[in-house]
Structure formats: structure tokens, C-alpha cells
Amino acid sequence: MIFRTRFAPSPTGPLHLGHAYSALLAHDLARTYSGQFFLRMDDIDQSRARGHWAEQIKDDLTWLGITWDGPVWSQNARSDNYTKALRRLWDLGLLYPCGCSRADIKAAANAPQEGAPVLGPDGVVYPGTCRHIPKGTFQTDTPLRLNIKKALQIIDLQSIILTEGDEIYQRTAPQMIESIGDVVLLRKNIGTSYHLSIVIDDADQGITDVIRGKDLREATFIHILLQKILELHTPKYFHHPLIRDENGKRLAKRDDARAISKYRDEGLTRNDIRSKVGLDAKTLAT
Ligand code: GLU
């Protein structure tokens, strides 16, 4: 099987050192294994995605020496594929509409009978307020949540094991219910969600290896669960360490001081960026 990986930035701000590390790592591996490296814009949230950021991302990647195979995918053009998957999950009885606001969720999760609120990959774990309300028909106007307990039950999944090199990470079904909960798979005005679209895109692009930051490891358990329910291939996952600033804080999009474009303007070379993120310049794929 040919090695296929991808870099999927959201065009909502400049690329910083953390993105450069992720993209270079995935790209170098693809070139080393004579595989393919794809570029995808995670632009489902049209209220935040901007065409000029997508252009700058491509420009920065090219400057870093990164080339991608085939056309750049835009999630915004793929909504039919996401709706099809949502429809299938709905027909399996695994989705329910939920109009709770963030404030509603916080208030419900803080209710004394709930104990301390649990933080999952998407923030406070949803306490299930709307889970038992009668559902009506499939629609895409109200957010839809995955009933995780039911999802685990219908495929009789007792646990998910994630292997990364010598490391093994496991989440049992009760742990997933407790620490991930009923995640949103269709967000308001967006028609999909990060979890759903990334899983569908990885499958449609035949991705064999996902290389991304450690901050997404917990979300990977949702992705594997969705792949199992939708009968999609599960790629290999590698979650790399995060690049942090001198105070140990994770870099954010708005952290313009570490934007690649800024380093470029200051006269740094692509090899300087490589050494900043700890990638040996010798491994530079030309
Ligand atoms: N747009 C996501 C991010 O930049 C992609 C994550 C992924 O590679 O799955 O965090």
C-alpha cells in the first residue's frame, strides 16, 4: 500500500512554527517513502476561513520546500459527502438534535448532582440534556450530537487501542462515555464538524498515515469510533510533540510573533526554520 499522508490547516490565520513542524514531518516522511502528501484546507467554518489565509499558507509551505500531490482540497466544496455520512448515522439512530448553548451546557454540567464537570476533547463533556427528547426527521438546521453509548453498543465495541510506535493508548467504552461524551457532529450553520469531516476526508483520500499534534490524541478515539461505524479504513496515527514558546505555552494561530511569514521577512531561511523545530536540515526533501 502506498504511504499517503496530509496536512490539513484551517485557513483562519498565519502558519506558525508548530504548523511548519507538522507539515515538514508529514511531507518528509511521504517523500522518504515515495508516497503522497496532500494539502487540504479545513475551511468548514466559513465565518472564520479566509481566502487570503489559504493563499498565504500555500505560499509559506512552498517557501518551506513543501510540495503537495494533486489539487488542494477545500472542505467547503465537500458538504454532500458529509451530509451523506450524517444521514447514515441518523438512520442508524445514533444522532439527536441539540439546541443547547455553551452556557446551557456549563450550567447543566455544574449542577450539584453531576459532580465535577469533565473536560473532553471539545470542552466540557455534554451532560446529555437533549438525548432523550423525541427526534423528528433528519435535518441540518439544528446541531446534531452522536449518542456515544449507543454508537459503542451497536458495533459491540469494548475498547479502542491506539498504537504509536512502542506506546499503547487504550480507552474502554465506559471511559469514552465518561471522558468524551456525545460530541457534536453537525455544527450550527456549518453542516458538519471537525470530527466528521476529517474522518470522511481521510477515508476519501485513502490516507494511510495521519501525522498531527499530541493535542489531538484524545479526538482520535472519536475518529476511530466513527471509522468503525461507517466501515472506513483506520489509518495509522502518529501524534507528535507540540512546539511551545519559551514559557512552555503552546503556540496559537494568533501568535503572530512566530508566524512563518514573519521569520521570512526577517531574512531567515527554510533551514533556519527546520533547526528551530528540531528537524535536521540534512533531511530536507528538495
Ligand atoms: N485543521 C485541524 C488543525 O489544524 C486539522 C487537524 C488534523 O490534522 O486532523 O488542527
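Each ligand, and each atom within it, is numbered from 1 in the order the structure gives.
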- Message: Assess whether a salt bridge exists between Arg78 and Asp204, defined as any Lys/Arg side-chain N lying under 4.0 Å from an Asp/Glu carboxylate O.
- Response: yes

- Message: Considering both backbone and side-chain atoms of Ile198, is one of its nitrogen or oxygen atoms within less than 3.5 Å of a nitrogen or oxygen in ligand 1?
- Response: no

- Task: For Asp42, take its heavy atoms, then give the atoms of ligand 1 lying under 4.0 Å from any of them.
- Result: 1 (N), 2 (C), 5 (C)

- Query: Using a distance-only test with no angle check, is there a side-chain donor-acceptor pair under 3.5 angstrom linking Thr269 and Asp272?
  - Reply: yes

- Note on the structure: Checking heavy atoms under 4.0 Å, the part of His19 that sits near ligand 1 is neither

- Query: Any Lys/Arg nitrogen of Arg187 or Asp122 sitting under 4.0 Å from an Asp/Glu carboxylate oxygen of the other?
  - Reply: no

- Task: Specify whether Phe3 and Tyr33 have parallel, tilted or perpendicular ring planes, treating 30° as the upper limit for parallel and 60° as the lower limit for perpendicular.
- Result: tilted

- ligand 1 contact on Val210 by region, counting heavy-atom pairs under 4.0 Å: neither

- Item | Which of the ligand 1 atoms, numbered from 1, are nearer than 4.0 Å to a heavy atom of Ser10 | 1 (N)

- Which is it for Phe7 and ligand 1 at heavy atoms under 4.0 Å: side chain, backbone, both or neither? neither

- Message: If the test is side-chain hydrogen bond (donor to acceptor under 3.5 Å, both in side chains), which one of Arg40, Arg4, Gln36 qualifies with Gln205?
- Response: Arg40

- Evaluating non-hydrogen atoms only, which member of Gly213, Ala219, Ser22, Ala8 is closest to atom 5 (C) of ligand 1? Ala8

- Query: Would Thr62 and Asp59 count as having a side-chain donor-acceptor pair, cut-off 3.5 Å?
  - Reply: no

